[in-house]
Peer 1: 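First the structure, which I've put down as structure tokens, then a few questions once you've had a look.
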Amino acid sequence: MRLLPLRIALVALLGLAFAFLQFAERPGVEPAQTEWREDGRLHVFFSPDCPHCHEAIAVLKRQRKIDYVLHDISKPSSEALFQRVVKRFGIEDPAVPLFVHGSRHVIGFESAESTGREIMALLS
């Protein structure tokens, strides 16, 4: 019976430690592509639920000469980068797909003929 108070104290201590870990501040997860402005690649922010995004990505895949990086904004690190990019460009109504190359960007995707040309101009 002497072990009962010890067990109660241990359970309480473990509970407090667990609660502390749940609310402790975690360092932000930085994506590998933090230097999106200077790396020379096209950065494409997309959502897995966006049909326009999938169409845009399919068009990019057919363009073998374009060096691009995909950022799935449903993932926390990519969403954080998306928010930084939106803030940097002062985008009031952020949307996907968002194409970023250096200090320029294009929002949305209609077709390879219209938006595709805008993206090619963005890269030149």
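Source: prediction; values computed, not measured.
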Peer 1: Quick check against the 3.5 Å criterion: does Arg88 have a side-chain atom that pairs as donor or acceptor with the backbone of Arg84?
Peer 2: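 Absent.
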Peer 1: Looking only at atom types and distance, does a side-chain atom of His101 sit under 3.5 Å from a main-chain N or O of Leu42, one as donor and one as acceptor?
Peer 2: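 The answer is no, because no donor-acceptor pair under 3.5 Å joins these two groups.
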Peer 1: Taking atom CD of Gln83 and atom CD1 of Ile73, what is their separation to the nearest 0.5 Å?
Peer 2: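 Spacing of CD (Gln83) from CD1 (Ile73) equals 8.0 Å.
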Peer 1: With sequence neighbours excluded, what pairs up with Phe99 under the ring pair (Phe, Tyr, Trp, His ring centres under 6.0 Å) test?
Peer 2: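 Not a single residue meets the ring pair (Phe, Tyr, Trp, His ring centres under 6.0 Å) criterion with Phe99.
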Peer 1: Do the two ring centres, one from His43 and one from His71, sit under 6.0 Å apart?
Peer 2: yes
Peer 1: For the residue pair Leu60 and Val44, establish whether any side-chain heavy-atom pair is separated by less than 4.5 Å.
Peer 2: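 Yes, at least one pair of side-chain atoms sits under 4.5 Å.
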Peer 1: Heavy-atom distance under 4.5 Å between the side chains of Val85 and Leu98, does that happen here?
Peer 2: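 In contact.
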Peer 1: Would you mind reporting whether Lys61 and Tyr68 have side-chain heavy atoms less than 4.5 Å apart?
Peer 2: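 SC-SC contact between Tyr68 and Lys61 confirmed.
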Peer 1: List the atom of Phe109, the atom of Gly116, and the distance in Å for their closest heavy-atom pair.
Peer 2: CE1-N, 4.2 Å
Peer 1: Taking ring pair (Phe, Tyr, Trp, His ring centres under 6.0 Å) as the test, write out the residues that go with His105, two or more places apart.
Peer 2: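 Ring pair (Phe, Tyr, Trp, His ring centres under 6.0 Å) check on His105 returns Phe89.
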Peer 1: For Glu110, what residues pass the side chain to side chain contact (heavy atoms under 4.5 Å, CB included) criterion, not counting sequence neighbours?
Peer 2: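 Testing Glu110 for side chain to side chain contact (heavy atoms under 4.5 Å, CB included), a comparison that skips the adjacent residues, returns Ser114, Thr115.
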Peer 1: Just so I know, are the side chains of Ser47 and Asp72 near enough to count as touching, which here means a heavy-atom distance under 4.5 Å?
Peer 2: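 With C-beta onward as the side chain, the pair stays apart.
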Peer 1: Using side-chain heavy atoms (C-beta onward) and a distance below 4.5 Å, is Glu79 in contact with Ser74?
Peer 2: no
Peer 1: Decide yes or no for Phe45 and Leu81: does some side-chain heavy atom of the first lie under 4.5 Å from some side-chain heavy atom of the second?
Peer 2: yes
Peer 1: Taking the side chain from Ser78 and the backbone from Lys75, do they hold a donor-acceptor pair closer than 3.5 Å?
Peer 2: no
